[in-house]
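Working notes, beginning with the structure itself.
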Amino acid sequence: MRRSLRSLLAATAVAALVLPLWGATAANAEPPGHSHADKHALRTQAPRDLAIGSAAWGQRDLVQYDRHAPTKYQQVLGAQFSSLTPENDMKWDAVHPAPNVYDFASADALVAFARANHQQVRGHTLLWHSQNPAWVTAASQTWTCDQARAVLEDHIRTVVGHFKGRIYEWDVANEIFQDTWDNGGVRLRTEANPFLKACAADPIALLEDAFRWAHEADPEAVLFLNDYNAEGINEKTDAYYALAQRMLADGVPLGGFGAQGHLSLLYGFDASIQANFERFAALGLQVAVTEADVRIPLQPGETGPTPEQVAVQAERYDAMLEACLNVTACSSFTVWGFPDANSWVPDVFPGEGWATIFEDDYTPKPAFTAMLESLRDATPGTSPRRG
Ligand code: XIL
């Protein structure tokens with residue numbers, strides 16, 4: 001029933017709204033050289049209104065791009081995914097390296113690659129406590145709230161304006177809540193985030209204006225809150241749920257809630273992800289899995305995981321995808337890069353790895369196959385769920 005609604009929307013309203021803006025880039029338009037007959041591509045098997053994305057690092061992997069001679073990585077990225085998220089290229093330190101300097105070179109390269117491959121782009125990110133340039137960190141020591149607001153407003157209007165019409169979803173605010181284990185528990189990051197810190201007396205007013213500025217700069221983009229440990233129903237997502245209600249009541253153009261989906265086999269899987277998505281969807285928001293990866297603890301000296309770990313990894317990826325497929329409001333499902341050699345995991349989580357859906361020679365892992373099958377099952381007419 002749900003899925004029928006999804007396909008109906010895809011065929012009518014979404015196509016009518018999205019096609020004129022994006023040309024051929026509806027959520028799952030066919031990539032050049034591929035068609036829906038390609039049974040081995042995630043993007044071609046997905047329901048039409050569900051974008052299937054990957055993070056990509058433009059500066060590292062896309063600045064050199066010849067569409068007639070793509071690298072193997074570029075070929076797979078173009079063939080498999082209908083959406084790209086810049087892994088680093090739109091972060092503050094990349095686009096705004098000095099007070100009056102904006103540098104869009106690598107982000108533009110990513111957007112150009114996406115257009116050439118009929119892909120949409122998720123913008124990431126405008127307000128975050130991490131990867132801010134040194135000048136922000138230094139200046140923020142003495143910012144008044146008005147000064148912080150002025151800097152953030154200029155940044156948001158400039159960056160969102162630069163990409164106007166080319167970004168379908170923006171992660172406006174990233175990781176703005178602390179975790180239960182942080183000092184003070186789950187609350188807004190009014191210490192680590194320099195903007196929220198300067199406006200700690202009323203951080204929500206700043207946050208709400210951030211969404212308003214982004215909306216004014218690109219009214220078509222759907223504006224998201226995004227975080228990790230935000231898959232299931234927990235203290236952190238309760239805080240987001242309350243915040244979302246408040247923002248909507250205040251008339252703020254909040255459009256979506258993103259669960260990053262960074263999982264580890266060191267921990268259990270919270271099966272309440274679908275219920276969590278459903279409660280945000282009931283507020284009228286879109287939901288998305290924005291940065292999925294499933295890292296595996298590896299024994300020193302071991303190069304790969306055990307067959308059992310491989311199977312659990314596939315289950316976890318698939319469970320996140322299924323939650324998205326089962327909630328009509330889920331607009332995009334994005335994996336956080338591939339292959340393993342490109343993954344952020346080994347750098348940040350020593351002793352863990354093998355987190356992506358492709359091996360280093362681009363052999364698809366069981367996680368890929370599980371996702372492909374779920375997408376196929378969800379295609380109109382073939383899914384038991386669709387009746
Ligand atoms: C990571 C990138 O993958 C790395 O290349 C970078 O060094 C650090 O940031 N949550 C997010 C992403 O929202 O932006 C982070 O990306 C991963 C965690």
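Read the numbers this way: they start at 1 and go in the same order the structure lists the ligands and their atoms. Because the structure is a prediction, the values reported are computed rather than measured. Quick note: residue numbers are just sequence positions, from 1.
- Ring-centre distance between Phe104 and His162: below the 6.0 Å cut-off.
- In the displayed structure, Asn183 atom CG is contacted under 6.0 Å by at most 12 heavy atoms of other residues, nucleotides or ligands.
- Using a 4.0 Å cut-off to heavy atoms of Asn174, the atoms of ligand 1 that qualify are 11 (C), 13 (O).
- Other residues, nucleotides and ligands contribute only 12 or fewer heavy atoms inside 6.0 Å of the CZ atom of Arg67.
- Considering backbone and side-chain N/O of Trp128, none are found under 3.5 Å from N/O of ligand 1.
- The residue among Met90, Arg60, Lys91, Glu175 with a heavy atom at the shortest distance from atom 15 (C) of ligand 1 is Lys91.
- At least one heavy atom of Trp336 sits closer than 4.0 Å to an atom of ligand 1.
- Of the candidates Glu87, His262, Gln131, Gln260, Gln131 brings a heavy atom nearest to atom 8 (C) of ligand 1.
- Remark: ligand 1 and His124 share an N or O pair separated by less than 3.5 Å (distance only, no angle test).
- Aromatic rings of Trp336 and His124 (six-membered ring for Trp) have centroids within the 6.0 Å cut-off, being under it.
- Surrounding CD of Gln141 are more than 12 heavy atoms belonging to other residues, nucleotides or ligands, all under 6.0 Å away.
- Of all protein heavy atoms, the one lying nearest to atom 5 (O) of ligand 1 is Asn88 ND2, 3.0 Å.
- A side-chain hydrogen bond (donor to acceptor under 3.5 Å, both in side chains) with Thr290 is found for one member of Asp227, Asn226, Asn174, Thr125 and no other, namely Asn226.
- Here the protein heavy atom with the shortest distance to atom 11 (C) of ligand 1 is Glu291 OE1, 3.0 Å.
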